[in-house]
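One-based numbering, in listed order, for ligands and for the atoms of each. Basis for what follows: all heavy atoms, side chains included, without hydrogens, waters or symmetry-related copies.
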Amino acid sequence: MNEHPDIPHDARAKRLIDPHGRAITYLRVSVTDRCDFRCLYCMAEDQSFLPKRDILTLEELDRICTAFVEKGVRKIRLTGGEPLVRRNLMWLIERLSRHLEAGLLDELTLTTNGSQLRKYAARLAALGVRRVNVSLDTLDAEKFARITRRGDLAKVLDGLEAAKDAGLAVKINAVAVRGFNDAEIPEILRWAHGHGFDLTLIETMPLGQIGGDRADQYLPLTEVRARLEEDFTLEPITLNTGGPSRYVRVAETGGRLGFITPLSAHFCDTCNRVRLTATGTLYMCLGQDDAMDLRTPLRLSRNDALLRRAINEAIAKKPRGHEFVIEEGNTQGVLLRNMNVTGG
Ligand code: SAM
Ligand code: SF4
C-alpha cells in the first residue's frame, strides 16, 4: 500500500545527492521579492520589483516544493522579500502542511521582518509552523525606522508577543552593521534571551547593489564576539544545522547565540541547502551565480517529469563552495542579485 498517495514510491526512492556527496534536504523559498521595509543593507530606497507575471503562483510554488519533498527535502523555509506580505500565503502554508502531517517534512518555517506577525502568528501555529526567525537589528525605534527606512518597531515587538502567545519558538536575526548597532548588541542579547528567544548575529554580505559602500557597513563578527566575551561567558555548543551558523550558550543568560559568518567558507562542506527565487530560479549556492530555471519546465507541462529532471540537473551542478571578498574599492564576489531575491 502506498501510505503517501500524494507521492509515488519510485519518486521517494530518489534522493538528491550533489557531486560533492552532500544530501540536499533543505529548501529555502523566496515567495515574493516585495517587502514593506527597505532595509539599508538589503535594498535600494527606490527598489524596483518584478512584474507579477514573472512570479510563481502559489499553486506553482506548491508544485515545486512538493517535487523537492518527493526528493527527500525535509525542511522548507519561506522567505522573501517579506513572505507575510504575499497575498494568500496561508493557502500555501496550509498546502505544504500536508507534508508535515504525512511525516515527509520535518519542518516548515519562515524568516520574517515581523511586521505582520500579530495578524498571522496564531494561524501559522495552527498549521504546524513551530518556529520563526524574525529579523531585528535594533531596539531603538528611531534607529529601527532609519535602518528599515519605513518600519515601525512597536508593531514588530507586538508581533513578537503574538508569536510567543501562539507558542511559536522565535529566533531573532540581527545583522551587525558597523557604526549602527555595534554598541547595542549586548543589550539586544539580554533582551532576546530575556524573552526566551535565540539570537543569531549575521555578518553583512556583499549581495546586490544597494547604493552606498558595503565596506562602510561591514563589521566582522570576530570583532563582535571578542567584545561580547568581555561581558559574557560564551560556551561552545554543538548544534550542526548544516548551515553557516556557529552556536554558543551564554552562561549569564542561559540563552543560545549564533554567529553567521558567510564570508568564511568553512561551512560549505556540510551545505545541505538550495534556494528558490519567487520567479522559479534555483540557486545552488548563495555565493555563486550557478542557477537553474525551474519555471520553464514547470509551465511546459502539467506533469512534473520535466520539473524533476531539471531539479536533478541543477543538483548535479551544485558548486563545492563560494568565495566572497568585501573590501573598500574591491567588488570581487559582489553578486548582482539582492538578498530579497534569494531570501538570505
Ligand atoms: N524580510 C524577511 C526578513 O527580513 O527577515 C526575510 C527576507 S530577508 C532578505 C532575510 C534575512 O537576510 C534577514 O535576516 C536580513 O537581515 C538578511 N539580510 C538582508 N540583506 C543582507 C545582507 N546584505 N547581508 C546580510 N544579511 C542580509
Ligand atoms: Fe525586507 Fe527583509 Fe530585505 Fe529588510 S531584510 S528589506 S525586511 S526583505
On the six-membered ring of Phe197, is Lys171 placed so that its NZ or CZ lies under 6.0 angstrom from the centre and within 45° of the ring axis?
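Relative to the ring axis of Phe197, which defines the angle, Lys171 lies outside at least one limit.
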Using a 4.0 Å cutoff against the non-hydrogen atoms of [X], which atoms of ligand 1 qualify?
X: Thr79; answer: 6 (C), 7 (C)
X: Glu82; answer: 1 (N), 2 (C)
X: Thr204; answer: 24 (N), 25 (C)
X: Asn113; answer: 2 (C), 3 (C), 5 (O)
X: Val175; answer: 16 (O), 26 (N)
X: Thr112; answer: 2 (C), 3 (C), 5 (O)

I'd like to know if atom 4 (Fe) of ligand 2 has an N/O/S atom from Cys42 within less than 2.8 Å of it, counting both backbone and side-chain atoms.
no
Give the numbers and elements of all ligand 2 atoms closer than 4.0 Å to a heavy atom of Phe37.
6 (S), 7 (S)
May I ask you to list the atoms of ligand 2 that are less than 4.0 angstrom from any heavy atom of Asn113?
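Reading through ligand 2 atom by atom, the close ones are 7 (S).
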At what distance, to the nearest 0.5 angstrom, does CG of Leu56 lie from CZ of Arg299?
6.0 Å
Do Lys71 and Asn312 get their side chains close enough for a donor-acceptor pair, meaning under 3.5 Å?
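Yes, side-chain donor-acceptor contact under 3.5 Å.
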Can Thr138 and Glu184 be counted as having a side-chain donor-acceptor contact under 3.5 angstrom?
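Glu184 and Thr138 do have a side-chain donor-acceptor pair below 3.5 Å.
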On a heavy-atom basis, I'd like to know which of Ser135, Ala176, Ala174, Ser115 is closest to atom 4 (O) of ligand 1.
Ser135
Can you check which of Cys35, Gly151, Gly81, Gly114 brings a heavy atom nearest to atom 1 (N) of ligand 1?
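Considering heavy atoms of Cys35, Gly151, Gly81, Gly114, the nearest to atom 1 (N) of ligand 1 sits in Gly81.
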N/O donor to acceptor pairs below 3.5 angstrom from side-chain atoms of residues 222-233, sequence neighbours left out:
unit_1 : atom_1 : unit_2 : atom_2 : d
Glu223 : OE1    : Arg178 : NH2    : 3.1
Glu223 : OE2    : Arg178 : NH1    : 3.3
Thr233 : OG1    : Glu252 : OE2    : 2.6

Looking at ligand 2, would Gly81 count as a contact under a 4.0 Å heavy-atom criterion?
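Flag set, Gly81 near ligand 2.
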Name of the residue among Arg86, Arg95, Met90 meeting side chain to side chain contact (heavy atoms under 4.5 Å, CB included) with Leu58:
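When side chain to side chain contact (heavy atoms under 4.5 Å, CB included) is applied between Leu58 and each of Arg86, Arg95, Met90, only Arg86 qualifies.
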When you look at Ser115 and Glu82, which way does the side chain to side chain donor-acceptor pair (under 3.5 Å) test go after all the steps?
CA-CA 9 Å; Ser115 70; Glu82 173 47 38; 5.2 Å; no
Co-members of the apolar cluster containing Leu300 [side chain, <4.5 Å]
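Cluster partners of Leu300: Leu306.
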